[in-house]
Amino acid sequence: MTSPTRKPPAPVVLLVYPITLLVGSLFSIISPTARASRASSGTSPSGALAPSLAADLHISESPVNYFARKNNIFNVYFVKIGWLWTTLAFASLLICQPAYRSSSQQQTRSRRILQAVLRYAFATSVWYLMTQWFFGPAIIDRGFVVTGGKCEQVMDKVENLGPQASESPSAQLETLFSAAACKAAGGAWAGGHDISGHVFMLVLATAFLSFEAIGVGAFAAPSTTPQDKGEASRTRKSSDPASLSVDEQSDSSDPLRRLCLRLVWGVVGLGWWMLFMTAIWFHTWLEKWSGLAVALGTVYVLYILPRTLAPWRDVIGVPGV
Ligand SMILES: CCCCCCCC/C=C\CCCCCCCC(=O)SCCNC(=O)CCNC(=O)[C@H](O)C(C)(C)COP(=O)(O)O
Ligand SMILES: Nc1ncnc2c1ncn2[C@@H]1O[C@H](COP(=O)(O)O)[C@@H](OP(=O)(O)O)[C@H]1O
């Protein structure tokens, strides 16, 4: 098996996420604009430390800063369909990168592709269960209800309507237990711990794409040190004839490869920026940190744990190896 010429990223790179949240949250306290926004939305700075109505009340309609609006173009067309962008960027890696496209033996290539798809399926399943569906409302919504949250105005309505309500009981339950249905029914999703779906998804998506892109890039990178060059030429003389093509095919002048990498790093860059905006303009500290913790836990299982746990590594693989 051909091994990567560079090491995979050290876990310490993940510190970029808590640092982003910390800087964003501090900025939201220090900046006069952000403080004014909080004041006008009825949330005191101290409120930022405790579960509150923050996500619903925050400045969505008062455009103090463009990125503080929920309907800003990047939120609507990028974050709100963020997993679609993640899927496209990941697919482009599979299609364009030599590690998956043209290198090595057929068997090695098939294994790499299968394991990459498995990592994607794992990340997608966690995203899906956390934010979209968990045998009914998503885990984030269930967590919110369990911690005392409810759909406030709609609760009153349902209680008043009683048995003559036009909606089916299951539709009423959906309204009461899911954030999206609550907001669509004109209610306020308030009172519990509302893990930030934005923080969770943006951290998971950007870390997933970064580890995948750096992994396949490391595999394909031309050697730089004399020692590496010696290794590389030995590899070329090795018994794996197909590995000959790796460095040739990984030529950084390959326009398709560069285009795909630009898409991936574009999604990662914009994802990081939107994470920073969420850290400044939305949610309480605790809600941001819990979104971060769930995402980093998933990243740990996907990319850090396989480095020390061989049986798991055999199943899920390591990008580009
Ligand atoms: C033990 C049982 C296991 C069952 C496992 C089921 C797992 C199912 C796995 C996959 C399901 C198929 C999904 C495939 C998706 C592939 C293509 C796409 O990505 S289409 C999706 C496009 N939609 C999005 O990207 C939505 C992204 N947005 C969000 O998740 C949310 O808006 C938010 C979290 C960013 C914010 O939440 P909000 O409440 O503030 O809107
Ligand atoms: N960076 C960002 N830009 C715009 N809106 C954001 C945002 N981060 C969070 N929000 C909004 O804040 C609310 C809570 O987000 P979340 O729980 O996913 O972190 C959501 O409102 P809506 O649900 O009304 O769209 C979401 O759209």
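Note that ligands are numbered from 1 as they come in the structure, with each ligand's atoms numbered from 1 the same way.
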Ligand 1 to [X] polar contact by distance, N or O atoms, under 3.5 Å:
{"X": "Tyr120", "result": "no"}
{"X": "Leu84", "result": "yes"}
{"X": "Lys80", "result": "yes"}
{"X": "Trp133", "result": "no"}
{"X": "Thr124", "result": "no"}

For residues 310-321, which side-chain donor-acceptor pairs fall under 3.5 Å, sequence neighbours excluded?
from	atom 1	to	atom 2	distance (Å)
Trp312	NE1	Val301	O	2.7
Arg313	NH1	Pro306	O	2.9
Arg313	NH1	Arg307	O	3.2

Judged by non-hydrogen atoms, does [X] sit under 4.0 Å from ligand 1?
{"X": "Trp127", "result": "yes"}
{"X": "Gly82", "result": "yes"}
{"X": "Met130", "result": "no"}
{"X": "Ala179", "result": "no"}

Non-hydrogen atoms of Glu287 versus ligand 2: any pair closer than 4.0 Å? no
Report yes or no: does Arg69 have a heavy atom closer than 4.0 Å to ligand 2? yes
In this structure, atom 5 (C) of ligand 1 is nearest to the protein heavy atom Leu129 CD2, 4.3 Å
May I ask whether atom 16 (C) of ligand 1 is less than 4.0 Å from at least one protein heavy atom? yes
Please tell me if atom 39 (O) of ligand 1 is touched by the protein, where touching means a protein heavy-atom distance below 4.0 Å. no
The one among Lys183, His198, Lys70 that brings a heavy atom closest to atom 9 (C) of ligand 2: His198
Would you tell me which option among Ile73, Asn71, Asn75, Asp194 has the nearest heavy-atom contact to atom 5 (N) of ligand 2? Asn75
Taking 4.0 angstrom as the limit and counting only heavy atoms of Thr131, give me the atoms of ligand 1 inside it, by number and element. 30 (O), 34 (C)
